[in-house]
Amino acid sequence: MKDRIRRLEQDRDLPDRDLLDLIVMQDAEAEALLAQRAAAVRQQVYGRDVFIRGLIEFTNYCRNDCFYCGIRRSNACAQRYRLTREEILACCRAGYGLGFRTFVLQGGEDPFFTTERLAELVRAIKRAYPDCAVTLSVGEKDRATYQAWFDAGADRYLLRHETADEGLYRRLHPEELSLQNRMRCLRDLKDIGYQVGCGFMVGAPFQTPEMLLKDLRFLQAFQPHMVGIGPFIPHRDTPFRDCPPGTAQMTLRLLAIIRLTLPHVLLPATTALGTVQSDGRQRGMGYGANVVMPNLSPLSVRKKYALYDNKISTGEEAAESVALLKQSMAAAGYRVVTARGDWKGGGQ
Ligand code: SAM
């Protein structure tokens, strides 16, 4: 196993069989080496800097009905909210004061936020904070809409591909959603000039190691600037309520494999990872992650943006606790920095 890890580091690639073996390995020593090499590669590119992104979950209205997601339109138990323009700008103001230089506007696919409304909001944020990056994560749109938001000043876009396996995509989503359109969106976003993030859930229902291999192959082919992965966690009001969650261990292992395949990638240790394991986000750094996304949403709505059960929302994941986050990252040998934290791969 160890020679495969070294080969992966050196070639950024392995034959299918070897990569699959790494995905499913049960070898603590090799696991430690994998983490160590991923952390070393992260260090060569980004040093020990940890970039922070202020996450603003600005609406939980969603027209989609993804089977895994707690804010799916059929969940009548979800308490719906959408922040006003002023509330969103207030989040940015608070975040700027705390040292954030990237704001991530994430939400369900809420028709209230039309192309023009969101473009205006992006312009307002960029006017007020020209030294900050704006990341959008609001789902599937047509190319003209993505272009309008880019022209308004949006820098980055997060759209997880969810799975590169057609069959799994079908089992996780209703008929009206297609992997083909998800991929079309990702291509458009990259073509327009965004720094683009894709990603997937680890341990999603029906997911097999072979499907994870397909995800890794997709990442290699697409060459995203960012990759967001986190364990699947069931939500009690969804069809997948009884499915087991993904594990922190598998998520950490995949973070490390992704770092070795894409050395320059911006790789967050996600809230979902911190939810399945309390120190998951710190541990993520030890497996090659270099980004955390503390929550800047108003306290009153944090629980309502419930994609899954038991989402952490009182401790270090909160933006107010940046000081605590800095301390715990420093204790683990990392430095939380105030910087936009752009991709360091050069070109597109
Ligand atoms: N609507 C936008 C979109 O589709 O990209 C952004 C919001 S969406 C809720 C953000 C991500 O949450 C999804 O891409 C999905 O991977 C993740 N997610 C949803 N339900 C989840 C669950 N039960 N466990 C873990 N992650 C989940």
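Whatever order the structure lists them in is the order used to number ligands and atoms, beginning at 1. Since we're looking at a predicted model, the values are computed, not measured.
For Thr145 and Asp142, the side-chain atoms include at least one donor-acceptor pair closer than 3.5 Å. Side-chain N/O atoms of Gln282 and Ser328 include a donor and acceptor closer than 3.5 Å. For Arg72 and Asn75, the side-chain atoms include no donor-acceptor pair closer than 3.5 Å.
The proximity of Tyr305 to ligand 1, defined as any non-hydrogen pair under 4.0 Å, is limited to the side chain. In Arg63, neither the side chain nor the backbone holds a heavy atom less than 4.0 Å from any atom of ligand 1. Both the backbone and the side chain of Ser137 come within 4.0 Å of ligand 1, counting heavy atoms alone.
Atom 16 (O) of ligand 1 has as its closest protein heavy atom Glu162 OE1, 2.8 Å. Taking atom 9 (C) of ligand 1 as the reference point, the nearest protein heavy-atom neighbour is Leu307 CD2, 3.4 Å. The shortest contact between atom 20 (N) of ligand 1 and any protein heavy atom is with Tyr68 CD1, 3.3 Å. Residue, atom and distance of the protein heavy atom nearest to atom 4 (O) of ligand 1 are Arg182 NH2, 3.3 Å. Counting only heavy atoms of the protein, atom 26 (N) of ligand 1 lies nearest to Met201 SD, 3.5 Å.
For ligand 1, the atoms sitting less than 4.0 Å from at least one non-hydrogen atom of Leu159 are 5 (O), numbered in the order shown with element in parentheses.
In the candidate list Arg160, Arg72, Glu109, Arg160 is nearest to atom 17 (C) of ligand 1, counting heavy atoms.
Taking the side chain as every heavy atom from C-beta outward, Arg4 and Leu14 approach each other to under 4.5 Å.
At a 3.5 angstrom cut-off on N or O pairs, Ile233 counts as close to ligand 1. An N or O contact shorter than 3.5 Å links Gly107 to ligand 1 by distance.
Scanning for side chain to side chain donor-acceptor pair (under 3.5 Å) contacts around Thr59 gives Asp110, with sequence neighbours left out.
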From CA spacing to verdict: ring-ring contact (aromatic ring centres under 6.0 Å, His included), Phe113, Phe58 = CA-CA 10 Å; Phe113 287 98; Phe58 69 103; 4.7 Å; yes
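By the 4.0 Å heavy-atom criterion, His161 is excluded from the residues contacting ligand 1. His235 does not count as a contact of ligand 1, since none of its heavy atoms falls under 4.0 Å from the ligand. Residue Pro245 places every heavy atom at 4.0 Å or more from ligand 1. At least one heavy atom of Pro231 sits less than 4.0 Å from an atom of ligand 1. Residue Gly230 places no heavy atom under 4.0 Å from ligand 1.
Annotation: cation-pi geometry satisfied between Arg48 and Tyr334 (NZ/CZ under 6.0 angstrom from ring centroid, within 45° of ring axis).
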Can I get a per-line list of side-chain donor-acceptor pairs under 3.5 Å for residues 50-57, giving both atom names and the distance, sequence neighbours left out?
unit_1, atom_1, unit_2, atom_2, d
Arg53, NH1, Thr102, OG1, 3.4
Arg53, NH1, Arg340, O, 2.6
Arg53, NH1, Gly341, O, 3.4
Arg53, NH2, Gly341, O, 2.8
Glu57, OE1, Asn295, ND2, 3.1
Glu57, OE1, Lys311, NZ, 3.1
Glu57, OE2, Lys311, NZ, 3.2

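Salt-bridge annotation for Asp188 and Lys141: absent, with no side-chain N of the basic residue lying under 4.0 Å from a carboxylate O of the acidic one. Asp13 has a carboxylate O that lies under 4.0 Å from a charged side-chain N of Arg217, or vice versa, which qualifies the two as a salt bridge.
The aromatic rings of His161 and Phe218 are tilted relative to each other, their planes meeting at an angle between 30° and 60°.
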